[in-house]
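Read through the structure below, which is laid out as C-alpha cells, and then see the notes.
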Amino acid sequence: IMRRDIAALHDQLSDLLARMAKGLRERPSTEVARAWREEAVDLRNASIGLGARLEDLKSHAKWSPRIDAEDVETLAREVGATSVMSARVLSIASDLAAAGSASSTPLPPEAVTPLADLMAMAADNISAEDPVTSLGRTQAHEAVRLADQTAQIALIGGIVSNINRINVASAEAADAAVDETGEHPTT
C-alpha cells in the first residue's frame, strides 16, 4: 500500500510541475501562482505523512517477523527521495509565486521558455521508470545567461538548482524501487 501511495504522490508532483511549466509560458496570474504554491504545500505535507507512516512501520518491524528489513530500507530510500522532490517542487512554486508579486524581481521574459522546458522535463522525469539525473544543461545555461540582474540570476539559479535536485531524487527513488530481478516493479 505504501508503494502505491509513493507512486501516487510522484504522479501528483509530476502533474503539478508540468502544469507549472505550461502555466509559466503563459505568464501566470498571481492567484494561479499562489494556488500552485498551496497545492505544493499539500503535496509536501503528504510527503511528511509518508515519512511518519514509515517511522511507524520501522517501529513495528522490530517486533514483527512479517516485515522484511530490506523492504523497510527500500521504502526509506523512496520516501527520502520523495521528500526531497516535494520540498523542491514547493520551493519552485514559492519562487514563482514570489516572482509574480509586485514587490519582487520578475523573471526576464527570455528566460521563461528555457525554465519552462526544464520544469517540463523534470516533471516527465519524476514519473519515468528510468529517470536521468541531469537534464537540460543548455536550457539551464540559457535561462541564467538571459538574466540581467543579480536578483534574477539568483531566482533562476535557485529554480534550476531545485530542478536538478528533483532529477537526482527521481533517479534515487527509481533505483530504490528496482526489485531483485533488476526490473522496475509495476505499481
Closest heavy-atom pair and its distance - [X], [Y]:
| X | Y | answer |
| --- | --- | --- |
| L24 | W36 | N-CH2, 3.9 Å |
| A93 | A40 | CB-CB, 3.9 Å |
| I163 | A122 | CG2-CB, 3.7 Å |
| V89 | L16 | CG1-CD2, 3.8 Å |
| A33 | L96 | CB-O, 4.0 Å |
| A120 | A21 | N-CB, 3.6 Å |

Do side-chain atoms of T74 reach the backbone of E70 as a donor and acceptor pair under 3.5 angstrom?
yes
Taking atom [atom1] of [X] and atom [atom2] of [Y], what is their separation to the nearest 0.5 Å?
| X | Y | atom1 | atom2 | result |
| --- | --- | --- | --- | --- |
| M20 | M119 | CE | CE | 4.0 Å |
| R37 | I92 | CZ | CD1 | 13.5 Å |
| Q12 | I126 | CD | CD1 | 11.5 Å |
| R4 | L9 | CZ | CG | 15.0 Å |
| H10 | S47 | NE2 | OG | 8.0 Å |
| S91 | R165 | OG | CZ | 13.0 Å |

For S83, enumerate each residue passing the side-chain hydrogen bond (donor to acceptor under 3.5 Å, both in side chains) test, keeping only those at least two apart in sequence or located in another chain.
none
Please identify each residue that fulfils side-chain hydrogen bond (donor to acceptor under 3.5 Å, both in side chains) with R25, with sequence neighbours left out.
D117
Please identify each residue that fulfils side chain to side chain contact (heavy atoms under 4.5 Å, CB included) with [X], with sequence neighbours left out.
| X | value |
| --- | --- |
| R53 | I1, M2, D5, L50 |
| A35 | none |
| K22 | E26 |

Using a 4.5 Å side-chain heavy-atom cut-off and chaining through intermediate ILVMFWY residues, the residues clustered with V41 come out as L90
Checking one residue: V84. Which other hydrophobic residues are in its cluster under the side-chain 4.5 Å linking rule?
none
With side chains defined as the heavy atoms from C-beta onward, is the minimum distance between M85 and L43 less than 4.5 Å?
no
So which pairs with a foot in residues 7-17 pass salt bridge (charged side-chain N to carboxylate O under 4.0 Å, His left out), sequence neighbours left out?
D15-R19
With salt bridge (charged side-chain N to carboxylate O under 4.0 Å, His left out) as the rule and sequence neighbours excluded, what pairs involving residues 78-87 come up?
R3-E78
Partners of E38 by salt bridge (Lys or Arg N to Asp or Glu O under 4.0 Å), sequence neighbours excluded?
none
Would you call K58 and E55 a salt bridge, taking side-chain N to carboxylate O under 4.0 Å as the test?
yes
